[in-house]
Amino acid sequence: QVQLVESGGGLVQPGGSLRLSCAASGISVRFAVMDWYRQAPGKQRELVAAITSGSSTNYADSVKGRFTISRDNAKNTVYLEMNSLKPEDTALYFCHTFPTYWGQGTQVTVSS
């Protein structure tokens, strides 16, 4: 059974940084496409970043240059490094892999 457990969210001031973690079990992140999505109140869930088995990465235009997705194969964990955070980055962040496995989410709040 595939399980994804996110952590690392919290309250941060604008301009600050956070690193989210997604610990996976039942699947090897090395061979999977792993994604980070986010959903803000009243908005649709949106793709933030993705990493393929070949280590290709893709980012939403709104986070390019500020967020970095990576993985640690030994820890079977995927990360989302978030820098220069803005209030509009406030959302519940989810880890996802195919076909339809989701974590429970971790809340990120950017506010002064």
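Just so it is clear, the model here is predicted, and its values are computed rather than measured. Note that these values count all heavy atoms, side chains included, but never hydrogens, waters or copies made by symmetry.
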Quiz item: Are any of the side-chain nitrogens in Asp61 or Lys64 under 4.0 Å away from the carboxylate oxygens of its partner?
Solution: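 Counted as a salt bridge, because a side-chain N and a carboxylate O are separated by less than 4.0 Å.
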Exercise. Please step through side chain to side chain contact (heavy atoms under 4.5 Å, CB included) for the pair Leu80 and Val48, ending with a clear verdict.
Key: CA-CA 9 Å; Leu80 185 68; Val48 175; 4.2 Å; yes
Quiz item: Parallel, tilted or perpendicular: which describes the rings of Trp102 and His96, with under 30° parallel and over 60° perpendicular?
Solution: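 Aromatic pair Trp102/His96 classed tilted.
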Self-check item: Residue pairs passing the disulfide bond (SG atoms under 2.5 Å apart) test where at least one lies in residues 70-112, sequence neighbours excluded
Solution: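 Residue pairs passing disulfide bond (SG atoms under 2.5 Å apart), neighbours aside: Cys22-Cys95.
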Exercise. Would you indicate whether the side-chain heavy atoms of Leu4 and Met34 approach each other to under 4.5 Å?
Key: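 Counting from C-beta outward, Met34 and Leu4 do come under 4.5 Å.
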Self-check item: Any side-chain heavy-atom pair of Ser62 and Glu88 under 4.5 Å
Solution: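 No. Closest side-chain heavy atoms not under 4.5 Å.
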Quiz prompt | Atom CD of Gln44: over 12 foreign heavy atoms under 6.0 Å | solution =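 No - once you tally the heavy atoms of other residues, nucleotides and ligands closer than 6.0 Å, there are 12 at most.
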Between [X] and [Y], is there a donor-acceptor pair closer than 3.5 Å when you use the side chain of the first and the backbone of the second?
X	Y	result
Arg19	Gly9	no
Thr90	Thr109	no
Thr52	Ser56	yes
Gln104	Glu6	yes
Asn76	Val29	yes
Tyr59	Arg66	no

Quiz item: Looking just at side-chain N and O atoms, do Thr77 and Asp72 make a donor-acceptor pair shorter than 3.5 Å?
Solution: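 The answer is no; no qualifying pair exists.
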Exercise. Would you kindly say whether Tyr93 and Arg38 are connected by a side-chain donor-acceptor distance under 3.5 Å?
Key: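 Side-chain D/A pair, Tyr93 to Arg38: present.
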Quiz prompt | Transitive ILVMFWY side-chain link Tyr101 to Tyr79, under 4.5 Å | solution =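 No, it is not one cluster - the side chains of Tyr101 and Tyr79 are not joined through contacts under 4.5 Å.
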Quiz item: Is Trp36 linked to Val2 within one hydrophobic cluster, defined over Ile, Leu, Val, Met, Phe, Trp and Tyr using a side-chain heavy-atom separation of less than 4.5 Å?
Solution: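 Yes, because Trp36 and Val2 connect within a single hydrophobic cluster, where side-chain heavy atoms sit under 4.5 Å apart.
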Quiz item: Between Val110 and Asp89, what is the shortest heavy-atom contact and its length?
Solution: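 Closest approach of Val110 to Asp89, heavy atoms only: CG2-CB, 4.3 Å.
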